[in-house]
Amino acid sequence: MELAKAYDPRSAEESHYKRWEESGFFAPEINQDPDAVRYSIVIPPPNVTGSLHMGHALQHTIMDVLTRWKRMQGFRTLWLPGTDHAGISVQRKVVEQLRKDENKSPLDIGREEFLQRCWAWKEQYGNTITEQMRREGASVDWSRHRFTMDESLSLAVRNVFCTLYEEGWIYRGLRIVNWCPKDKTVLSDLEVKEETRKDGKLTYLKYPIVGMDRTLTVATTRPETMLGDTAVAVNPSDERYKDLVGKTVALPLTDREIPIVADEYVEAGFGTGAVKVTPAHDPNDYLIGERHGLEQLLIMNDDGTMNAAAGAEFDGMDRFAAREKVVAMFDELGLLEKVEDYEITLPICERCKTIVEPILSEQWFVKMDEMRDLALELMRTEGSPHFSPQVPHEKVYTAWLENLKDWTISRQLWWGHQIPAWYDDDGGVYVARSAEEAREKAGGRELRQDSDVLDTWFSSGLWAFSTFGWNGSVTKTDDLTNFLPTDVLVTGRDIIFLWVSRMMMLTKKFVGETAFRDCVITGTVLGKDGKPMSKSRNNGVDPIEMFDKFGVDATRIYLASIATGADIKWNDVGVETYRNFANKIWNATRFTLLNQNAAAAAGGDVASQSLADRWIISRLNRTAIELNKALDRYEFHAAVSLLYHFFWDDFCDWYIELCKDEINAGDAEATERILAILETALRMLHPFMPYLTEELWQKLPGTSSAMHNPAYRNADRSVMLADFPLGDAKLIDEQAENEMSAVIDVIKRVRNIRTEMQISPSIKFDVHIAADDAFQRVFRDNEAQILKLARAEQLVIAAILDVPKASARAVTNDAAVAVPLIGLIDFDKERARLANAIAKLAEEKSRLDAQLSNANFVERAPAEKVDALRTRQAELTSQIETLNNNLEALN
RNA sequence: GCCGUCUUAGCUCAGUGGUAGAGCACUCGCUUCACACGCGAUAGGUCACAAGUUCAAAUCUUGUAGACGGCACCA
């Protein structure tokens, strides 16, 4: 069999995923071992409006690496996929579509019709990401795919809502909330972002005091809200205003008189020391209002325009137009003191960037005190979730929990889980699991259901257990027993509060367990400009383009290589490195198969005598052990580095070169040995580069013997179900590694001489090596390899060097090397080369000398360290002496 | 305002007390029969700065400068 000269990722990608999926390899049921330990991950459900971005690609890579790694180890693994319904995003898209195509509003077509459109939209566009995940090679169990609005998951939402209501953990109340006038819905605190603007204004308004020829000046950044003022507040100990407390002001532009109240909230030193109080439009003013029993006057509509309560002149006017008009009218009345430039921080709707309006509104809330305790308790008693990296996430997570406010869960949308609350005309509220139940409770009264839906995160918060079949009516399923708690959650920093925390609380509350033991928080993949990727910055990198350009495997392993937990700038060159890596492995396999002896089969007897064999087996096992350790610790970058260097440096640069002649000569045993090494190494690499490894592994002869895990005995042959190499510490051979180092060092020294002396690669020369008896034997045993790799004519191995003056020389830790170069050598060059080598060694030695002559060091450092340095010092002394003699001999 | 992170080779980044690393780029040399997406050989860092702890600091402590993140406040 002969492979193409270069690896073409595309063809491998196209052929394997389908077979894996159709063979049921992704489902936990593929594992036939009744005693297999479970391993489970639920995906952070991407939203149905989205398409794959680099953050997904990174997180999916990590989840897939973990899943494939555990699956190969014989765990019964489940990586559960799914999507969330993205209430606001979908609603906005459908509203937009409706407006564009039919020039209609949702109200024009009604709720039922609108929801049908949403479902149609979801069917048409909602599976973009799931299709892209197939390309990624994600080994998710598609048969368990879930959507937050699936019937069972919706039932779970209703039951959870009702239970929490019945237990008093959910309440309905009039509060100041974050209102998005564009989306016309309330937002939770976490959905509101901030934007600092330098062009803000602080406007000073004068309010005339009733019965006095005096005004009171207040400062505001939102002048239009004065139309809703119901008091002015001052600090009770503020001498300037003490006499005014209890009086009233005539609120300009209105016919209202409002009181001046004293409240500790007001800071005398800030602004004018007097604060206009608008209880219906500001959270702090709301609290002042509560303390003083002030009227709550709502002056805005849900679209950000002023309402009739603001006065006839303002009714229907946009809030920003009203702002200008208020200022102009104050100016006309001579009541405008001044307008100052002011840097202001505005609350912005996370999704549509509209300025959020704090507004008094009746909404549903989850009480967070006891909820929070559930999460804090899990952290205290079980250390759950264990964040990786632990610093700083655990601290940020707990700090946030400790200062948690109640969670607004109602949303003024249609797309989502409609709140299971019904109202009668007399203000009665009936929270029930169904309309029938509500009617029963209401005793036949006329009812209408709350028209709002629940925050999408409310249903996502149930994801860890609703996906396994729990819906409140059914509370025990095999999947739940088997797969909850899940082993690890992999997600981004941005949803630790929004999602991670809520899933911890709700899972504890309803199933009594932690949702996941570990939580891997990935860093953010930044654009080339060092900023988070975003459409507005146009600095995004499309994973699909990377797949096309470099291959899925190269993109995956590159992403794993940067998965340290820290933010990292995207770098195409990095992916290219791993594209080259894939090609390197392809060609190493190509070489192995090119000269294949028909009798050879992977997994055969690997017992070997040669140093190179013992060495590569040692390196392989060492790498496997370290690799498993790195993955255990979620150190993906370290895992990749181990694989990269094993394949490229150890296997390709040295092992293949060392046994090349034997292989090319058709030596059956040598071929079997290299096949065995390669086969094991491919298994080790598989979680990171699934397509490449499957493609190549399938081409290796005799690989079915690697499918000896009884858990998969009935499955078709695939590297993804072959044993994952754990490494065997007994096969680590320190002696072989030391001896191989000696051989490699000699070869490198000779190559250095050749290059520095500018001797053509085509010219062969004799190489003399001096070493002690043990190493002489090593060099003799590997004479053929040294001859080949050093491109030497002949090797002379002895206790001491016996060479002509006109020789180039070098030393290693274990040997002295000389190359007689009569007719070739340039004495000046050799002198310079030796001087350079000596200088380097001398520099190291002088550091050691200084350290070892320090009595404090010798006394107080561990004897082991001191001995090691002394040994090194002796080595250096001898090497420098040798080279100095060589240098003198040249003069 | 509070909490936290980062600053290491030209670039992108590893490296948590004991001789500074990788990939790419650069320089030099190679159509060596797996691979030019390659092979071989070099060069390149007072680890942001300062002080401290220690026999020993890129690594621990404190401070300074710069970059950034989260939370709170914002009349």
Side-chain angles (χ1 to χ4, degrees), chain A residues 2-3 5-7 194 196 200 202-204 218-222 232-233 265-267 270-278 282 284-285 342-346 391-393 395-396 399-400 403 493-494 496-497 524 528 530-531 550 554 558 561-562 564 566-574 576-595 635 637-638 641 644-645 652-653 656-657 660 663-664 748 751-756 758-762 788-789 791 836 843-845 847-848 851 854-862 864-866 868-869 872 876:
Chain A
E2 187 168 339
L3 270 56
K5 207 171 169 183
Y7 174 52
E194 284 173 358
T196 303
L202 189 61
T203 306
Y204 291 74
V218 296
T220 179
T221 54
R222 295 187 293 153
V232 175
Y265 165 77
V266 181
E267 284 175 44
F270 192 96
T272 63
V275 180
K276 58 189 278 308
V277 183
T278 325
D282 183 280
N284 292 309
D285 292 5
Y342 189 72
E343 184 175 309
I344 190 169
T345 310
L346 294 169
V391 178
H393 302 305
K395 195 173 170 182
V396 172
W400 179 78
N403 295 297
R493 215 171 20 231
D494 51 336
I496 293 179
F497 306 149
T524 308
K528 289 172 187 122
K531 304 253 170 64
F550 299 112
Y558 168 66
S561 82
I562 62 171
T564 61
D567 291 354
I568 188 152
K569 283 183 215 171
W570 178 263
N571 186 4
D572 277 5
V573 174
E576 196 178 350
T577 297
Y578 290 99
R579 189 268 316 256
N580 297 348
F581 180 55
N583 191 55
K584 188 74 178 173
I585 293 165
W586 175 268
N587 274 288
T589 308
R590 179 168 183 262
F591 166 78
T592 304
L593 295 177
L594 212 53
N595 297 288
E635 290 170 355
H637 63 295
S641 173
Y644 188 91
H645 290 111
C652 293
D653 284 354
I656 287 186
E657 296 304 330
K660 192 173 251 180
I663 306 278
N664 281 339
K748 288 194 162 205
R751 283 172 173 174
N752 174 255
I753 289 172
R754 180 187 294 279
T755 305
E756 300 273 317
Q758 298 182 344
I759 301 163
S760 158
S762 59
K788 180 176 163 62
L789 298 185
R791 304 187 69 76
N836 186 32
E843 193 194 330
E844 187 185 344
K845 181 167 177 293
R847 267 202 308 270
L848 283 190
Q851 209 171 348
N854 179 344
N856 270 329
F857 170 71
V858 178
E859 269 171 43
R860 306 173 79 155
E864 209 180 277
K865 301 281 181 197
V866 178
L869 292 196
R872 182 65 186 153
L876 288 170

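Labels below follow one simple rule: chain letters A, B, ... track the order of the sequence lines, proteins then strands, and each chain is numbered from 1.
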For [N], does OP1 or OP2 lie under 4.0 Å from any side-chain N or O of [X]?
X	N	value
A:Lys865	B:rG18	no
A:His637	B:rG15	yes
A:Asn856	B:rA56	no
A:Asn587	B:rA36	no
A:Lys395	B:rG4	yes
A:Tyr265	B:rC74	yes
A:Asn664	B:rC33	no

Nearest-neighbour nucleotide for the [X] side chain, [options] considered:
X	options	result
A:Lys584	B:rC39, B:rA41, B:rC74	B:rC39
A:Phe857	B:rC74, B:rU32, B:rC55	B:rC55
A:Asn583	B:rC37, B:rU12, B:rG18	B:rC37

- prompt: Taking the C1' atom of each, how far is B:rU42 from B:rC30, in whole Å?
  reply: 15 Å
Rounding to 0.5 Å, atoms OG1 (A:Thr203) and OH (A:Tyr342) come to a distance of 11.5 Å
Any strand, both distances under 3.5 Å, Watson-Crick or G-U wobble: B:rC30 pairs with B:rG38
* Asked: Can a cation-pi geometry be assigned to A:Lys584 and A:Tyr644, taking NZ or CZ under 6.0 Å from the six-membered ring centre and within 45° of the ring axis?
  ->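 Ring-cation test returns no.
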Base, sugar-phosphate, or nothing: which does [X] touch, judged by heavy atoms less than 4.0 Å apart?
X	value
A:Ala566	sugar-phosphate
A:Thr564	sugar-phosphate
A:Ala861	base
A:Asp653	sugar-phosphate

_Check this for me: does the side-chain of A:Lys660 come within 3.5 Å of the base of B:rA34 through a donor and an acceptor?_
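Side chain to base: pair found, below 3.5 Å.
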Scoring nucleotides 25-31 of chain B by protein non-hydrogen atoms under 4.0 Å (B base, S sugar-phosphate only, - none) yields -------
